[in-house]
A.B. asks: 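Take this structure first; my questions come after.
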Amino acid sequence: MSFPLNPSQREAVRHVGSPLLVLAGAGSGKTRVITAKIAHLVEKGASPASIAAITFTNKAAKEMAERSRDLLAKQGAGAGAGGARGPAISTFHALGLAIVRAEAAELGLRAGFSVLDPGDLEPIVAELVATADRARARAAQWQVSRWKNALVSPAAALAAAASADELAAARAYAQYADTLAAYQAVDFDDLIALPVALFERDAEARARWQRRYSHVLVDEYQDTNPAQYRLFRHLVGEATPFTVVGDDDQAIYGWRGATLDNLAQLPRDYPDLKVIKLEQNYRSTVRILRSANAVIAKNPKLYEKKLWSELGLGDTLRVAPAADEEGEAEMVVGRLCAHRFEKRTRHADYAILYRGNHQARAFETVLRARGVPYEISGGQSMFDRTEIRDIVAYLRVIANEDDDPAFVRAATTPRRGVGAATLARLSEIGAARKTSLFGAAFEPEFAAAVPQRQREAIDEFCALVNRLRHRAPKEPAARLLNELVAAIGYEDWLVATLDKRDAAERARSVADFVGWLGRKGETDGRNLLELTQMVALVTRLDDRDAETADAVRLSTLHAAKGLEFPHVFMVGVEEGILPHREAVDAGNVDEERRLMYVGITRAQESLQLSYCRTRKRAGEKVDVAPSRFIGELAQEDVRYADAPLAPDDAAREKASGAARLKSLKASLAR
DNA sequence: TAGAGATTAGTTTTT
DNA sequence: CTAATCTCTA
């Protein structure tokens, strides 16, 4: 994309006099405008470090940082060179973390505070709502998060609670803050909510942060939630100019508390707001765009906007049915391979996009069987991996001795003879002495309460933690990490407890993680304690090899936002999946339609949508209907593939009969 | 306390 | 039909 900027883009880049909202349609060169604007501001004399650009994902932040670094370097004049600090480009949460870290003392936190992810929080909430039911615990956790994102206080939540479940969640919410405070821990939502609270009670802190930035840019503005909008408003204050870029048609994070109200509210909060629309699409063919426009036309509009393209009419869209998920995977991968062979394209030119992570499985199986290289983006975070959580637990106790959940995990992994009984003793001592589990091990009654074997194991564990804690500020993180993994005998334990393949895989993932974190420490000049906090916000290691590899991308629609591919396969385009059933029940079809729109607009040259006629659910085949959104495409641009042949139906009948028989037997057994 | 087998629930997106 | 959690025995 080395075309010159078009007139609207240029206007957006050069406008500096007042707050600016750029309504950037899909593929309209939005990232380019943001990076060009950063370069423009620097050219006009702003210091790069005084420019803040805020994104939602680490991936977007990284891409923006790279592109603006290149641009500033090209601009020359030493702007990006010689150790001068670049623009502050980060996610909302990373920015929040930086603020909480800088203002920790004001917020009643010690420097080593822990950042807990939802997985750490689930058992805490489960205890607070007194349930063993995971689903209930998650629902409560979810509710608490929504309140925080909407800046609803525990008292307000308690007052407004409408159902028994909500009341229980509100009660948990009230105690939740105390529990986290005892652990010296914050959750993801706190990274936004705590800075907001600080700025609202402390004008001086607010002024300090406002002075820091001469211009603030926000990417994907339509995905901000009320807490984030408030934080943004405090950062820009009355005087700091800003540029926010967004597209109401691509708002797909309502479930995370994002609200289009923030887009509607902006002109009211900033009467001199300038609005610029980017409507020329540089990505897709006319046929693809026509369908995108047709689908999104069914939604209510905040700002009228119509994408157009000069890239030619292009191929028709294809809609193809499959018998079931295996059939769909076979069909899609088969077609992909044939297409690739015929057009002499690269694997990396193709993407398979789906609504939910679990849908990837069938495609992985077929791709692997055929030896087609693929990369899964998004998907489960590397912190859902036990081995990573194990290592991170150690890091958290090292950084923060009050982090009881981390203590429990680290002290019992690898097994060192410490179990529930010992932990219960420690917990009693801790409660009596008002100290953490770690602290309890140093209380006088510890010796009497715990048998010698366990005592020695705990002592040894605590000594290791203390040793590393003292060395952490001074020594390179990489060395300490390697020492830690060796000292706890983690790999030996893996080999001893798992079969060969699993042990090797986990050992490799630990090695990857430790290597990555060590390098990160070097490049960012951060010690082990600082790295520990940022690690919770990272969902995947940035891996250059994976990004540049010639491989088919598998991705959720959410994770695909911002990306583009010459050839896209949207799969599982079915009622119940896209739109998702829960969303339909909750009356959120508009957001599902935007998700459909996001999927369509990822495609540059060709697009195939497919759906299954039946799908396995809890072992049994269930009939499913094609998505209503298929009927909303521009029908003159769509070709419908033939129905599958009769033998498939026969096979389906047989399979479904067998499944029914089996479930009948199962119910008789009960 | 630790590992092997039984059991039972699973239906969405992510910092 | 999985996959993760739970229970039971050594």
Side-chain angles (χ1 to χ4, degrees), chain A residues 54-61 90-97 115-119 132-135 138 142 145 148-149 186-192 220 223-225 227-228 251-258 325-326 353-359 361 377-381 383-384 386 412-423 451 453-454 457 493 496-499 534 536-540 555-561 572 574 576-586 588 591-592 594-595 598-599 615-622 624 655 658-659 662-663 666 669-670:
Chain A
I54 310 175
T55 64
F56 277 84
T57 63
N58 296 307
K59 194 167 61 183
S90 69
T91 64
F92 259 107
H93 288 87
L95 173 66
L97 175 60
V115 180
L116 304 190
D117 70 33
D133 180 1
R134 281 191 81 182
R138 284 189 178 184
W142 185 246
S145 174
K148 286 191 172 195
N149 285 325
V186 301
D187 65 18
F188 286 176
D189 304 321
D190 287 333
L191 294 175
I192 311 297
E220 307 282 11
D223 289 328
T224 53
N225 63 40
Q228 287 162 334
I252 55 175
Y253 284 96
W255 52 275
R256 217 170 74 184
E325 46 264 81
E326 279 108 45
L353 306 181
Y354 38 81
R355 175 67 219 260
N357 284 306
H358 67 274
Q359 290 173 259
R361 168 159 290 164
S377 46
Q380 129 264 37
S381 148
F383 290 94
D384 293 339
T386 0
T412 58
T413 319
R415 298 285 118 99
R416 48 165 66 83
V418 173
T422 310
L423 290 171
R453 266 180 80 117
Q454 275 66 254
W493 180 67
T497 51
L498 300 168
D499 67 62
M534 62 80 70
L537 296 180
V538 180
T539 46
R540 31 154 240 164
S555 172
T556 62
L557 289 163
H558 283 87
K561 188 157 73 149
E574 292 149 33
I577 293 186
L578 183 67
H580 195 272
R581 207 186 119 227
E582 306 256 329
V584 175
D585 291 348
N588 292 331
E591 179 154 317
E592 299 294 301
R594 291 193 290 264
L595 207 45
V598 166
R615 199 171 267 278
K616 255 190 282 208
R617 245 176 51 191
E620 202 165 356
K621 293 222 170 192
V622 178
V624 290
K662 201 158 187 185
S663 83
R670 261 179 258 137

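As the structure is a computational prediction, the values presented were derived from the model and not from experiment.
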A.B. asks: Identify which nucleotide among B/dT15, B/dT14, B/dT11 has an atom closest to any side-chain atom of A/His93, counting heavy atoms from C-beta outward.
C.D. replies: B/dT15

A.B. asks: Would the distance check show the side chain of A/Tyr354 and the main-chain N or O of A/Leu557 forming a donor-acceptor pair, the cut-off being under 3.5 Å?
C.D. replies: no

A.B. asks: Are the side chain of A/Lys59 and the backbone N or O of A/Ala559 linked by a donor-acceptor pair below 3.5 Å?
C.D. replies: yes

A.B. asks: Can you tell me if A/Thr556 touches the phosphate of B/dT14, counting only side-chain N or O atoms and a distance under 4.0 Å to OP1 or OP2?
C.D. replies: yes

A.B. asks: Between A/Glu592 (CD) and B/dT13 (C1'), how many Å, whole number?
C.D. replies: 9 Å

A.B. asks: Give the C-alpha distance, both sets of side-chain angles, the deciding distance and a yes or no for side chain to side chain contact (heavy atoms under 4.5 Å, CB included) between A/Lys561 and A/Thr57.
C.D. replies: CA-CA 10 Å; A/Lys561 188 157 73 149; A/Thr57 63; over 6 Å; no

A.B. asks: Would you list the protein and nucleotides 3-7 of chain C atom pairs, both N or O, that sit under 3.5 Å from each other?
C.D. replies:
from: C/dA3; atom 1: OP1; to: A/Arg361; atom 2: NH1; distance (Å): 2.9
from: C/dA3; atom 1: OP1; to: A/Arg361; atom 2: NH2; distance (Å): 2.7
from: C/dT5; atom 1: OP1; to: A/Arg134; atom 2: NH1; distance (Å): 3.2

A.B. asks: Under 5.5 Å between ring centres and under 30° between planes: does that hold for A/Trp255 against the base of B/dT13?
C.D. replies: yes

A.B. asks: Using a strict threshold of under 4.0 Å (side-chain N to carboxylate O), is an ion pair present between A/Arg355 and A/Glu592?
C.D. replies: yes

A.B. asks: Can you check the A/Lys59 NZ to B/dT15 P distance for me, whole Å?
C.D. replies: 9 Å

A.B. asks: Reading DNA chain B from 5' onward, which residue's closest nucleotide shows up sooner: A/Thr91 or A/Ala135?
C.D. replies: A/Ala135

A.B. asks: For A/Leu191, does its backbone N or O pair with a side-chain atom of A/His93 as donor and acceptor, under 3.5 Å?
C.D. replies: no

A.B. asks: I want to verify a distance call: between B/dT13, B/dT1, B/dT15, whose nearest atom is closest to the A/Thr57 side chain?
C.D. replies: B/dT15

A.B. asks: Reckon A/His558 has a side-chain N or O less than 4.0 Å from the OP1 or OP2 of B/dT13?
C.D. replies: no

A.B. asks: If I take atom CZ in residue A/Arg453 and atom C1' in nucleotide B/dT1, what distance separates them, rounded to the nearest angstrom?
C.D. replies: 10 Å

A.B. asks: Of the options B/dT14, B/dT11, B/dT1, whose atoms approach the side-chain atoms of A/His580 most closely?
C.D. replies: B/dT11

A.B. asks: Are the aromatic rings of A/His580 and A/Trp255 close, with centres under 6.0 Å apart?
C.D. replies: no

A.B. asks: Quick one: A/Lys616 NZ to C/dT2 P, roughly how many Å, whole number?
C.D. replies: 8 Å

A.B. asks: Does A/Phe92 offer a backbone N or O that forms a donor-acceptor pair with the side chain of A/Gln228 under 3.5 Å?
C.D. replies: no

A.B. asks: Which whole-number value in Å describes the distance from A/Trp142 CH2 to B/dT12 C1'?
C.D. replies: 9 Å

A.B. asks: Salt bridge or not for A/Glu326 and A/Lys616, using N-O below 4.0 Å?
C.D. replies: yes

A.B. asks: Just to confirm, is there a sub-4.0 Å distance from OP1 or OP2 of B/dA2 to any side-chain nitrogen or oxygen of A/Arg415?
C.D. replies: yes

A.B. asks: Can you tell me the distance, in whole Å, between the NE2 atom of A/His358 and the C1' atom of C/dC1?
C.D. replies: 14 Å

A.B. asks: Using a cut-off of 4.0 Å on non-hydrogen atoms, how would the nucleic acid contact of A/Phe56 be classed: base, sugar-phosphate, or nothing?
C.D. replies: sugar-phosphate

A.B. asks: Between B/dT13 and C/dA4, how far apart are the two P atoms, rounded to whole Å?
C.D. replies: 15 Å

A.B. asks: Output a table of nitrogen or oxygen pairs between the protein and nucleotides 8-10 of chain C separated by less than 3.5 Å.
C.D. replies:
none

A.B. asks: OP1, OP2 of B/dT13 versus side-chain N and O of A/Asn357: anything below 4.0 Å?
C.D. replies: yes

A.B. asks: Quick one: A/Glu325 CD to C/dC1 P, roughly how many Å, whole number?
C.D. replies: 13 Å

A.B. asks: Do A/Arg355 and B/dT13 have a side chain to base donor-acceptor pair shorter than 3.5 Å?
C.D. replies: yes

A.B. asks: Could you state the interatomic distance from CG (A/Leu97) to CD1 (A/Ile192), rounded to the nearest 0.5 Å?
C.D. replies: 10.0 Å

A.B. asks: From CG of A/Leu578 over to P of B/dT11, roughly how many Å is that when rounded to an integer?
C.D. replies: 18 Å

A.B. asks: I would like to know whether A/Glu220 and A/Thr55 meet side chain to side chain contact (heavy atoms under 4.5 Å, CB included); could you show each step before the answer?
C.D. replies: CA-CA 7 Å; A/Glu220 307 282 11; A/Thr55 64; over 6 Å; no

